[in-house]
Amino acid sequence: MQTEESRKAIEAILLVSDIPIDASLLAQLLEIPKTEVEKICTQLMQEYKKDHRGFVLVNVAGGYRYQTDPTMAPYVERFVLEGQNSRLSSAALETLAIIAYKQPISRMQISAIRGVNVDAVIRTLQQRGYIGEVGKDPGPGNAILFGTTSLFLERLGINDISDLPPLANFVPGADVVEALEGGLRPDHVGEKLESQPHDEVAIIANDETNSD
Amino acid sequence: MQTEESRKAIEAILLVSDIPIDASLLAQLLEIPKTEVEKICTQLMQEYKKDHRGFVLVNVAGGYRYQTDPTMAPYVERFVLEGQNSRLSSAALETLAIIAYKQPISRMQISAIRGVNVDAVIRTLQQRGYIGEVGKDPGPGNAILFGTTSLFLERLGINDISDLPPLANFVPGADVVEALEGGLRPDHVGEKLESQPHDEVAIIANDETNSD
Amino acid sequence: MSYEVETPVFAGPFDLLLHLILQDEVDLYQVSLGGIIEAYLDEIQRMEGVNLAVATEFLLIAATLIELKSRRLLPDTSDLDLEEELALWEERDLLLARLLECKTFKDASQALKALSIDASLSFPRLVGMEEQFLGLMPDLLEGVTPLAINEAYHRATVPKPQLDLFHVTPVKLTVAETVEFLVEELSTIGKTTLRELTKSTVDRVEVVIYFLAVLELYKQGIVDLSQIKTFGDLTISWIGFDQNTDYAEINTYEG
């Protein structure tokens, strides 16, 4: 592979990765020597610096990743504080409620209940530390199961999840029951996973716009 | 703020955002005019292209975001195993096209165009987050009206629904109209037409031969 | 409905008709109405186990085509009522207009497909906020009480009266509408219970209407009923139509 092509491929892979990627993995993906990867990455670091980019490439925690340039921190902070909504959208709150009452629960099951893809909402809730991965579905597909965190309890001012008001006297819709049951039937887990889209950046944007 | 600083700040903010960020928000955070933001972003797009970066800056679904260069798809796919959107059936695609061009539109109206019941397809499209309920028909029956979502725009890589190619481009040409018309014409009329010579075609073909 | 999703070739009657008319691109004018009707009927025959609603739509078009053809076979066209004649041509023009519209969106959908294929080659950065800034993020649960979580859960899971079973929100459900709906539903699922059918209903009145509709179908010999013990589940089995029953969903055609 040409160096030019390798350079582009490394930039592309690092752009979509949410964890630092080590040189060996890059070497393997690109089928080039590890030393070549290191050389390219060093070059990239220098180029971004020379071009005064707002991002930097760093070698951290055993791998390469993109980060914001430290001098840009004030703008990023501003974006964090002002650019984002300070309230959960009603869609996000409903998803959080489903997780709180039905944990451990898979993305699939939540999305079947909500009738829309919930990836973006899950990502937000996870990033805010309100929910976390609590296990894997033992069935085929090994779907990640989510549950609420102690931060969630703390923010709600309760000690334990059982302190939430009970769901007694409440009959969920047939579709909800089916979604919950479906996810627990091992033979259907894989099937459902397959048909599930992995998307949804847009949904949250929509939700949040609508909820305002 | 200096253009150089604004440029860096935009790069930093877009790096940490997981949804497309619109120019107005960037303008507000940076305290510069929106037109300036747009100018900088256009410049960045060109720079990345000129430098043969593995990532591109695009204006999609109403905002700017980083994504990988399309030519790097083979490498990125090796790395990102999930996320390949499952293909839509042609029935789903055609229904989606009708909704995209005719929104807001009711299930009934779509059904009338497709000539078939579209309930199952609508459900699929809704579950994937490509369409959503955008209102209710004010007329009797209060039918739910559907429209496309910003996820749909993202999936198509367009910024706005008006970026779709105009529907007029797809109105069948005279040949198709004739064929359909002929097909629905009683037999003896068709026979008559059949005996008509296709003179014009022949003349044009001749002309071109001569002009060489 | 399964037919619609799974069929490899024709997603509907217009689809089929379009195909039959346009398949022979060389001899456009050779296409004869008679040939189309034959091919159309052949195709319908091939579709075994198609659900009733879909089959009806196909048959309706076939009927229109056959009527067009048979009128032409009459020895003396002057016998025809002028009004009928005009109505027939109007019917044909309508069919033509629909075919053109169908073709338009068919081609448009190919353009959308091409756009989406291009777009799928590019992967967005979804990494999100860096750890160092996470602490700054506002607490989104500010002011949210345990009760609010409970209410949100109910909002998310409460049975929705306007599921996907109806074309429009059922403000007031009539027995006639329910009969029509049940014909469509039962022809697909074959056998079910009244409890199953009414589990998503919200009003007691709706259950009663369902019950009356089921009785109506039973009276007409379209379904069979059985109840093993008193107050037990009422099982409904689909038998099907005899020739002179007519529940065709022609309304679907009114654009």
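Reminder, nothing fancy here: chain letters follow the sequence lines and each chain counts from 1.
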Is the closest side-chain donor-acceptor distance between C/S122 and B/Q67 under 3.5 Å? yes

Do side-chain atoms of B/S150 reach the backbone of B/L153 as a donor and acceptor pair under 3.5 angstrom? no

Flag the one option from C/L100, C/L99, C/V127 with the top tally of heavy-atom pairs under 4.5 Å to chain B. C/L100

Identify which of C/L96, C/L95, C/D118 forms the greatest number of heavy-atom pairs closer than 4.5 Å to chain B. C/L96

Side chain from CB out, backbone as N, CA, C, O: work out which of these in B/P172 comes under 4.5 Å of a heavy atom of chain C, or both, or neither. both

B/Q109 and B/S106 side chains, donor-acceptor separation under 3.5 Å: yes

Any salt bridge linking C/D107 with C/K103? Criterion: basic side-chain nitrogen under 4.0 Å from a carboxylate oxygen. yes

Using modelled atom types only, decide if a donor and an acceptor are shared between the side chain of B/T42 and the backbone of B/E38 within a distance under 3.5 Å. yes

Of the listed residues (B/V60, B/L15, B/D137, B/L167), which shares the most heavy-atom pairs with chain C below a 4.5 Å separation? B/L15

Of the listed C/E130, C/E101, C/Q110, the one with the largest count of heavy-atom pairs under 4.5 Å with chain B is C/E101

Assess the pair B/F55 and B/Y66: is the distance between their ring centroids shorter than 6.0 Å? yes

Report which part of B/V56 has an atom under 4.5 Å of a heavy atom belonging to chain C: side chain, backbone, both, or neither. side chain

Can you tell me which portion of B/I110 sits under 4.5 Å from chain C's heavy atoms? Options are side chain, backbone, both or neither. neither

Between B/L156, B/L96, B/V177, the one whose heavy-atom pairs under 4.5 Å with chain C are most numerous: B/L156

